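Before any comments, here is the structure.
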Amino acid sequence: MPSAFQFQCHLVLIFLAASKGETRYLEVRDAGEDDPFLLLSEDLKRELSAGQIYRRSLRCIDMLSIEGQFTFTADQPQLHCATFFIGEPEELITIDYDFVNIDCQGGDFLKVFDGWILKGEKFPSSLDHPLTTSQRYVDFCESGNIQRSIRSSQNVAMIFFRIHQPGNGFTVTVKKNSNLFPCNVISQTPSGRFTMVIPHQHRNCSFSIIYPVMIKISDLILGHLNGLFLKKPADGCAGVGDFVELLGGAGLDPSKMFPLADLCHSFHGSAQMKIGCDNTVLRMVSSGKHINRVTFEYHQLDLQETETKKENSIEEFCFPGI
């Protein structure tokens, strides 16, 4: 049986790669209802001509992967609502308030969160984000006209809102901006290829794939000698300063996931691993002393690939959870 996390993310995000939009459900912490996502298709993106703005209404629980103007109007008290925004790995998301009509004094709120939260777990984790958790929230009722435009630090963001009075609501415009050095990323698709570069920056970057996957690292540059190490309780790469680790788990927060393997040194070639967890994360830790780069590709595991294969594979994890 699929886990709750798969119900929330795995079965939803896989359809962002499809040529036609599909409807799926997502459960938000303390949500009082399961409203469907409207996942937008590539056909719609192609149909929108240059300069044309896409517009539609928001559901109480919604997901958006396209630019446009979006309006929510309450038809009844809506107490536990959220909209999840996701872009391509190399995109940042800007949310502009065009119109807001809510009763802050009466208990309404409208908050933007820099990242995603599901069941209390955050992406990026607190260890990997440049801001504190409290700084990642922008509350309209506290900032008002002071901050009517919010830009994310990665390719995902979300808004939480509560509206008691029918007829009240808000309108936001969502735009995408290019990010030359993508750091923390949630993949929209179950397969792909990506190169992560951290240029002389002291930061940690995570690439999250919300599927059981085969991941193959083909190039890793850390400024060290060649080598590949399976993580063990008494050792690992923590003392090296620059390394890549593979994580697996059933939640969203990389800091709460199980460490599977450490890669401490540069190499050219191929190192692959089958990870059957609900969520797979490749995380690069950088001291800022080097230009670190890792290139990897991944694809969702099928049933045949859950069988043991010895060829150039480290180990297998989490398969009982598939």
Side-chain angles (χ1 to χ4, degrees), residues 2 4-45 47-48 53-87 93-103 106-120 123 137-141 150 152 155-176 186 188 210 252:
F5 183 76
Q6 287 176 312
F7 184 70
Q8 295 159 358
C9 288
H10 170 60
L11 295 179
V12 173
L13 294 182
I14 191 172
F15 289 95
L16 285 169
S19 61
K20 293 185 178 180
E22 296 285 347
T23 299
R24 286 296 183 267
Y25 295 86
L26 179 124
E27 185 179 280
V28 178
R29 185 180 186 181
D30 296 329
E33 61 187 74
D34 291 327
D35 279 336
F37 286 99
L38 180 59
L39 301 181
L40 300 170
S41 68
E42 293 296 325
D43 292 338
L44 173 60
K45 296 179 183 179
E47 290 171 3
L48 291 174
I53 299 177
Y54 176 71
R55 293 181 174 87
R56 78 161 170 87
S57 299
L58 289 176
R59 302 172 183 269
C60 176
I61 304 297
D62 217 332
M63 174 176 278
L64 299 172
S65 62
I66 193 171
E67 295 178 317
Q69 188 178 70
F70 305 95
T71 299
F72 182 83
T73 303
D75 58 358
Q76 60 183 0
Q78 299 284 8
L79 306 183
H80 304 284
C81 298
T83 300
F84 296 79
F85 304 95
I86 186 167
I93 296 168
T94 297
I95 301 171
D96 294 325
Y97 292 133
D98 300 325
F99 169 79
V100 179
N101 178 29
I102 63 174
D103 184 5
D108 293 355
F109 62 76
L110 175 59
K111 301 179 182 181
V112 175
F113 183 74
D114 190 3
W116 276 8
I117 295 182
L118 288 172
K119 293 291 183 181
F123 183 90
Y137 285 97
V138 178
D139 189 338
F140 176 84
C141 289
I150 302 100
S152 70
N155 77 320
V156 292
M158 65 185 301
I159 57 176
F160 298 94
F161 55 96
R162 172 183 296 170
I163 300 176
H164 291 82
Q165 184 64 37
N168 287 356
F170 59 89
T171 297
V172 295
T173 294
V174 177
K175 302 175 184 176
K176 308 287 184 64
I186 291 181
Q188 294 190 45
I210 308 177
L252 190 67

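Keep in mind that this is a model prediction, so the values were computed, not measured.
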Checklist line | For T171, side chain to side chain donor-acceptor pair (under 3.5 Å) partners two or more places apart | finding: T71

Check: Does the side chain of L252 reach to within under 4.5 Å of the side chain of I186, using non-hydrogen atoms?
Finding: yes

Check: How would you list, by chain and number, every residue that makes a side chain to side chain donor-acceptor pair (under 3.5 Å) with T73, sequence neighbours excluded?
Finding: none

Next item on the list: State, with a plain yes or no, whether a side-chain heavy atom of R56 is found less than 4.5 Å away from one of D62.
Entry: yes

Next item on the list: Answer yes or no: is there a side-chain heavy-atom contact under 4.5 Å between V112 and F140?
Entry: no

Check: Which atom names give the shortest non-hydrogen contact between E67 and Y54, and what distance separates them?
Finding: O-CB, 3.8 Å

Next item on the list: To the nearest 0.5 angstrom, please state how far the CD atom of Q188 sits from the CD1 atom of I86.
Entry: 4.5 Å

Checklist line | CD1 on I210 to CG on L118, rounded to 0.5 Å | finding: 7.5 Å

Next item on the list: Evaluate the side-chain proximity of F72 to T83: yes if any heavy-atom separation is below 4.5 Å, no if none is.
Entry: no

Checklist line | Donor-acceptor under 3.5 Å (K176 side chain, S65 main chain) | finding: yes

Next item on the list: Scan residues 157-167 for pairs that pass side-chain hydrogen bond (donor to acceptor under 3.5 Å, both in side chains), counting only residues two or more places apart or in two chains.
Entry: D108-H164

Item checked: Validation row: Q78, D75 side chains within 4.5 angstrom (heavy atoms) -> yes

Item checked: Qualifying residues under side-chain contact (heavy atoms from CB on, under 4.5 Å), relative to N101, sequence neighbours excluded -> F99, N168

Notebook entry, point to check: How far does CD1 of I159 sit from CD1 of I150, to the nearest 0.5 angstrom?
Noted result: 9.5 Å

Next item on the list: Locate the shortest heavy-atom distance separating M158 from I117; write the atom from each residue and the value.
Entry: SD-N, 3.2 Å

Check: Who pairs with F123 by ring pair (Phe, Tyr, Trp, His ring centres under 6.0 Å), at least two apart in sequence or on another chain?
Finding: none

Checklist line | Donor-acceptor contact below 3.5 Å, side chain Q76 vs main chain P166 | finding: no

Item checked: Results of salt bridge (Lys or Arg N to Asp or Glu O under 4.0 Å) for D98 - residues two or more places apart only -> none

Margin query: Tell me if a side-chain donor or acceptor on T173 pairs with a main-chain N or O of D96 at a distance below 3.5 Å.
Written below: no

Margin query: Below 30° counts as parallel, above 60° as perpendicular, anything between as tilted: where do the rings of F160 and Y137 land?
Written below: tilted

Margin query: Give me the atom names and distance for the closest heavy-atom approach of C141 to I102.
Written below: SG-CD1, 3.9 Å

